[in-house]
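Only a predicted model underlies this, so the values are computations on that prediction, with no experimental measurement involved.
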Number of protein chains: 2
Amino acid sequence: MPYTAEHKQQSRLRILESAVRCFLQQGYERTGISEIMQDAGLTHGAFYAHFSSKGELYIEAMTHAAKNGRFTAHLKNGKKGSAWFQGVLEGYLNLDHVEGDESPCPLAFLVTDIATRESDVKQTYTRLYKGMNRYISRQAMDDSKRTKDDIYAVTAMMIGGVAVSRAINDPKLAKRLLHSCKQTAEKILTSD
Amino acid sequence: MPYTAEHKQQSRLRILESAVRCFLQQGYERTGISEIMQDAGLTHGAFYAHFSSKGELYIEAMTHAAKNGRFTAHLKNGKKGSAWFQGVLEGYLNLDHVEGDESPCPLAFLVTDIATRESDVKQTYTRLYKGMNRYISRQAMDDSKRTKDDIYAVTAMMIGGVAVSRAINDPKLAKRLLHSCKQTAEKILTSD
DNA sequence: GTCTATAGAAAGATAGAC
DNA sequence: GTCTATCTTTCTATAGAC
């Protein structure tokens with residue numbers, strides 16, 4: 001008695017999580033449907049009972065990755081003010097994040113990939129990016145010294161810092177530049 | 001009398017420039033050798049008289065794009081000190097750059113693409129990235145108030161700013177965030 | 001050096017049995 | 001819902017004529 005609604009939901013979730021892993025690690029084009037399905041413990045024929053196309057899966061996977069990703073996870077760190085920023089930045093601008101083992105941020109891992117894609121994919125990225133800014137803004141704007149410019153600059157630096165770290169071949173430099181971004185972002189968000 | 005050494009050089013250069021256009025606009029995987037060759041006015045069979053593989057072309061194209069790209073072009077703007085920074089930042093963090101019509105920077109347009117590739121490709125990216133930092137460092141380090149952290153933060157923000165702008169679907173937001181990055185980078189590089 | 005033609009592999013998507 | 005089998009397209013790379 002498989003094939004219940006619940007069974008289907010479970011399969012769908014497994015596919016989604018495999019897709020997140022593959023897409024974020026290898027990018028959209030290099031990831032095949034067969035690979036995702038195999039990783040989810042199914043065969044590729046079953047795919048189309050859950051999603052209408054690879055493109056649709058990409059959108060869903062991106063959303064799922066953001067919801068369960070590193071950025072979101074560090075948002076509720078129980079702290080306030082500058083300690084809160086420190087927690088978020090520390091969790092994001094981090095070599096473990098760059099290595100990608102544990103729920104990386106799709107905004108940083110897929111930037112370039114997204115730019116060349118159809119508008120519904122870019123739409124999703126835009127929404128998630130706005131969300132990221134909103135979360136930081138919410139905390140920062142209590143402080144009248146912080147401007148919207150500060151927020152945009154910080155998120156660009158976070159995404160850029162992680163993306164560049166991932167692209168380079170020099171772990172020492174990667175660590176160094178992440179640290180520099182963290183320090184500078186902290187200064188921007190907490191200076192007088 | 002084609003087929004002279006000079007003729008070959010010219011063909012090679014045309015292929016290289018087509019490759020830069022295609023790779024930067026569409027990414028590595030979405031670009032076919034046929035497409036590049038057609039854009040260069042040749043057929044795809046001729047490709048292997050110039051390059052041994054698509055991967056080799058990618059490396060050469062990336063190097064060529066950096067040498068003739070927007071960042072390098074704005075390095076020699078004839079100015080000094082804070083005016084020099086302003087010129088470089090203005091030329092880079094710019095909507096025209098994001099649209100990609102005129103020799104965009106491979107560091108910003110290919111970040112995510114590079115991360116998933118073989119080590120020789122990442123090696124090349126690393127070298128170019130270090131070059132970018134060196135150029136800015138050379139000007140900034142005259143000023144004892146500037147640290148290496150400042151440089152790394154600024155380059156990450158430049159690359160991140162352009163990459164994110166390109167990924168989002170909202171031109172107004174793109175322009176806004178580029179402006180924010182420019183303002184903030186300027187502040188980092190010229191504040192007391 | 002460049003062309004046409006093709007080999008060989010991979011990928012997205014569909015068909016039909018269970 | 002999931003499986004196996006297959007259609008179809010696309011792509012890298014090679015072969016051989018000029």
Side-chain angles (χ1 to χ4, degrees), chain A residues 1-62 110 113-114 116-118 120-121, chain B residues 1-62 110 113-114 116-118 120-121:
Chain A
M1 52 216 264
Y3 304 173
T4 66
E6 188 196 4
H7 175 83
K8 177 166 183 179
Q9 271 305 102
Q10 285 174 0
S11 292
R12 195 190 136 94
L13 186 60
R14 282 209 317 283
I15 297 172
L16 216 41
E17 282 170 349
S18 298
V20 168
R21 257 195 305 279
C22 293
F23 285 144
L24 267 60
Q25 235 59 257
Q26 313 169 355
Y28 180 75
E29 307 285 352
R30 289 168 81 92
T31 300
I33 290 177
S34 304
E35 188 184 3
I36 294 170
M37 292 304 279
Q38 196 172 339
D39 192 65
L42 297 164
T43 58
H44 78 272
F47 175 78
Y48 295 89
H50 297 275
F51 301 93
S52 72
S53 71
K54 191 185 174 187
E56 191 202 319
L57 174 64
Y58 196 45
I59 291 177
E60 303 257 14
M62 190 162 47
L110 300 175
D113 228 65
I114 304 291
T116 68
R117 225 138 244 119
E118 311 74 41
D120 52 349
V121 180
Chain B
M1 51 215 261
Y3 304 176
T4 66
E6 189 197 2
H7 174 84
K8 177 165 182 180
Q9 271 306 102
Q10 285 173 0
S11 292
R12 195 190 136 95
L13 187 60
R14 282 208 317 281
I15 297 172
L16 215 43
E17 282 170 349
S18 298
V20 168
R21 257 192 306 278
C22 293
F23 284 145
L24 266 61
Q25 234 57 257
Q26 314 170 355
Y28 180 76
E29 307 286 352
R30 288 169 82 91
T31 299
I33 290 177
S34 305
E35 187 184 3
I36 295 171
M37 293 303 279
Q38 196 172 340
D39 193 65
L42 296 163
T43 57
H44 78 273
F47 175 79
Y48 296 90
H50 297 276
F51 301 94
S52 73
S53 71
K54 189 184 174 187
E56 192 203 318
L57 174 64
Y58 195 47
I59 292 177
E60 304 257 14
M62 189 163 47
L110 301 175
D113 226 65
I114 303 293
T116 67
R117 225 140 242 118
E118 311 75 41
D120 52 349
V121 180

Engineer: Quick check: closest heavy atoms across A/Ala61 and A/Phe23, and the distance to 0.1 Å?
Structural biologist: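 Minimum heavy-atom separation between A/Ala61 and A/Phe23: CB-CD1, 4.0 Å.
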Engineer: Mind checking what makes side chain to side chain donor-acceptor pair (under 3.5 Å) contact with A/Tyr28, not counting sequence neighbours?
Structural biologist: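 Counting only residues at least two positions away or on another chain, A/Tyr28 forms no side chain to side chain donor-acceptor pair (under 3.5 Å).
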Engineer: Check the phosphate of D/dC3 against A/Thr43, side-chain N and O only, distance under 4.0 Å to OP1 or OP2. Yes or no?
Structural biologist: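 Yes, such a contact exists.
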Engineer: Rounding to an integer number of Å, can you tell me how far A/Gln9 CD sits from D/dT2 P?
Structural biologist: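 So the CD-P distance, A/Gln9 to D/dT2, works out to 11 Å.
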Engineer: Measure CZ/A/Phe47 against P/D/dT2 and give the value in whole Å, please.
Structural biologist: 13 Å
Engineer: Which heavy atom of A/Leu42 sits nearest a heavy atom of A/Ser11, and at what distance?
Structural biologist: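 Result for this residue pair: CD1-CB, 4.3 Å.
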Engineer: Give every residue pair that meets the salt bridge (charged side-chain N to carboxylate O under 4.0 Å, His left out) criterion with at least one member in residues 45-59 of chain B, sequence neighbours excluded.
Structural biologist: none
Engineer: Answer whether the closest heavy-atom distance between the side chains of B/Leu57 and B/Ile33 falls below 4.5 Å.
Structural biologist: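 SC-SC contact between B/Leu57 and B/Ile33 ruled out.
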Engineer: Whole Å only: how far is the CZ atom of A/Arg14 from the C1' atom of D/dT2?
Structural biologist: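 Result: 11 Å.
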Engineer: Would you tabulate the nitrogen or oxygen pairs shorter than 3.5 Å linking the protein to nucleotides 10-12 of chain D?
Structural biologist:
from   : atom 1 : to      : atom 2 : distance (Å)
D/dT12 : OP1    : B/Thr31 : O      : 3.4
D/dT12 : OP1    : B/Lys54 : NZ     : 2.6
D/dT12 : OP2    : B/Ile33 : N      : 2.9

Engineer: Going by side chain to side chain donor-acceptor pair (under 3.5 Å), name the residues that satisfy it together with A/Arg14, two or more places apart in sequence or in a different chain.
Structural biologist: none
Engineer: Measure the distance from CD on B/Glu6 to P on C/dG1 and round it to the nearest whole Å.
Structural biologist: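 Going from CD in B/Glu6 over to P in C/dG1 covers 14 Å.
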Engineer: In chain order, what residues pass the side-chain contact (heavy atoms from CB on, under 4.5 Å) check against B/Glu118, with sequence neighbours excluded?
Structural biologist: A/Arg30, B/Asp120, B/Val121
Engineer: Could you go over nucleotides 16-18 of chain D and give all protein N or O partners under 3.5 Å, atom names and distances?
Structural biologist:
none

Engineer: Can you run down the side chain to side chain donor-acceptor pair (under 3.5 Å) pairs that involve residues 34-43 of chain A, sequence neighbours left out, and say none if there aren't any?
Structural biologist: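 Only A/Ser18-A/Asp39, A/Arg21-A/Asp39, A/Gln26-A/Glu35 qualify under side chain to side chain donor-acceptor pair (under 3.5 Å).
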Engineer: Just jot down the side chain to side chain donor-acceptor pair (under 3.5 Å) partners of A/Glu60, sequence neighbours excluded, or say none.
Structural biologist: A/Arg12
Engineer: Taking CD from A/Glu56 and C1' from C/dA13, how many angstroms apart are they, rounded to a whole number?
Structural biologist: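 Rounded to whole Å, this separation is 14 Å.
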Engineer: What nucleotide among C/dT2, D/dC3, D/dG1 has an atom nearest to a side-chain atom of B/Ala46?
Structural biologist: C/dT2
Engineer: Mind calculating the distance between NE2 (B/His50) and C1' (D/dA13) to the nearest angstrom?
Structural biologist: 16 Å
Engineer: Tell me: CG of B/Leu57 to C1' of D/dA13, nearest whole Å?
Structural biologist: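 After rounding, the gap between these two atoms is 14 Å.
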Engineer: Can you tell me how far C1' of C/dT4 sits from CG of B/Leu42, to the nearest Å?
Structural biologist: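 The answer, rounded to whole Å, is 14 Å.
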